[in-house]
Amino acid sequence: MGGCLVSRLVVVSNRVATPKAAQAGGLASAMLAALSEVGGLWFGWSGKAVAGDPGPPKEETDGRITFLTTDLSKTDFEDYYNGFANRSLWPLLHFRPDLVDYSKQNYQGYQRVNRHFARTLAPHLRDGDTIWVQDFHLIPLAGLLREMGIAGRMGFFLHTPLPPPDIMRVLPGHRALMDALTEYDLVGLHTNAYVRAFVNYQRDLAGGQKLPDGWVRTGSGRLVRVLALPISVDPDAIASQAAKAVNNPSVKRLRAGLTAEDRIRLAVGVDRLDYSKGLPERFEAFGRFLDRSPQHRGLVSLLQIAPTSREDVPAYIELRGQLEQQAGAVNGRYSDPSWTPIRYVNRTYPQSTLFGFYRAACMGLVTPLRDGMNLVAKEFVAAQDPDDPGVLVLSTFAGAADEMDEAVFINPYDIDGMADAMARALDMDLPERRRRWSALMARLKRWDITTWRRAFLAALEEPPSPEVLRSTGVM
Ligand code: F6P
């Protein structure tokens, strides 16, 4: 479908890629592309936490998109973003109940900000709008809008994993949160495993029932559809940006540095500095790989780009200290005047520069302990030179693993196995690299970012089939 089935698209997400925003991540680029195609409204947080009352939202229009953003008060930002979203929900959704730090005050802040979002957005909505809410920050939004009499189709996409019921129930108030998800007409998740987690929760803990075609009847009799719709990238656009990036000054400097002495080969990792990304394990495995592969010493450098994130949350502060120590230890052990094993960088780069780094690399390391999807895995593949592609080393715990069979798979909890996989990827011959890359790239082209958003919006418009209605006793 094109834009024809959707009257007006309204996207709601915590972060908004306004024309002035510095840089768009995966979620933001996907939404920007969806809205550029069909036009519409994009509403979310302005990125500013202000003293006192946030005041009215700001509206600006750029082409076919109207951006509506609201500031948050410092207290709301603290309780909602640094609090419930990133201290409770994020670790829970990433299978880390040990890191869940719950407080009633933060939970109330999360509800308060969701209500603020609903009240701010409602006056800007029109009859027949299709509302597409993004991610774990805004789960309660559909229920709150419906309470205010908003009747349009409402879809939700969760960009993180969804853990099984036994982990979900660690969270005080888990039932209210899972019930809030069922207020949407469609819930999109990245993988079949996350869909199973949703259905099992409904069945085991909420009195729901699985129906055909991804439909679920909730304990209260409402119908909600839950589908695995893995987010993707625009592989053609990435490929052309990566090819052009050879002229980018940062990429030129990187290449010059690598070829200065012997030809040093590059391994690359790009991750937000987050405990879910398995960075300590990656550094340890890279050190182990050098311990065990003297022939690679002096010839392979790992460029790890890890922009800092959520810097007020204690788990993130600890991780930063740990990584600095680990990179220092590996570099102290092996560096020589012309070679640094780990180049560890906390700054951010524009996407086109990152694509150039990916293309310059022989190996991409995507080794999270848990990740909803991980678009770096897909971007790395799309950025490769088809004549001499690098190898993707991928954790089986990234959602991307479901679609990327030709990667070299690792278990990030197995440091020796990861070190072996690094050696295998670096020693892989050209025909094998080409065979794997062609299969990965072909799959990316078949299910790209456009296919993803069209599939979601088409499913959101689809009513339950007669078979589904029959199974509920409605027909
Ligand atoms: O991975 C899910 C996600 O919501 C991404 O879309 C986003 O990059 C990140 O998590 C959230 O980051 P931040 O807390 O900086 O907005």
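Start at 1 and go down the list; that is how both ligands and their atoms are numbered. Excluded from the calculations below are hydrogen atoms, water molecules and symmetry mates; all remaining heavy atoms, backbone and side chain alike, are included.
When the heavy-atom distances from atom 3 (C) of ligand 1 to N86, N82, T160, D135 are ranked, the shortest goes to D135.
Close contacts of ligand 1 with W90, meaning ligand atoms under 4.0 Å from a residue heavy atom, involve 1 (O), 2 (C), 10 (O). For ligand 1 and L27, the ligand atoms under 4.0 Å from any heavy atom of the residue are 6 (O). Within ligand 1, counting atoms from 1 as listed, the ones closer than 4.0 Å to a heavy atom of R15 are 13 (P), 15 (O), 16 (O). Atoms of ligand 1 found under 4.0 Å from any heavy atom of Y81 (numbered from 1 in listed order, with element): 13 (P), 14 (O), 15 (O), 16 (O).
Listed by first then second residue, pairs satisfying salt bridge (charged side-chain N to carboxylate O under 4.0 Å, His left out) with a partner in residues 225-246 read R225-E462, D236-K445, not counting sequence neighbours.
Salt-bridge check for R222 with D185: passed, with a basic side-chain N closer than 4.0 Å to an acidic carboxylate O.
A side-chain contact (heavy atoms from CB on, under 4.5 Å) with F43 holds for exactly one of L125, V11, I131, T70; it is T70. Here the rule is ring pair (Phe, Tyr, Trp, His ring centres under 6.0 Å) with Y110, and of F117, W90, F136, F84 only F84 fits it.
In terms of polar-atom proximity, R310 is counted as a contact of ligand 1, with an N or O under 3.5 Å from an N or O of the ligand.
Residues satisfying the salt bridge (charged side-chain N to carboxylate O under 4.0 Å, His left out) criterion with D62, sequence neighbours excluded, are absent altogether.
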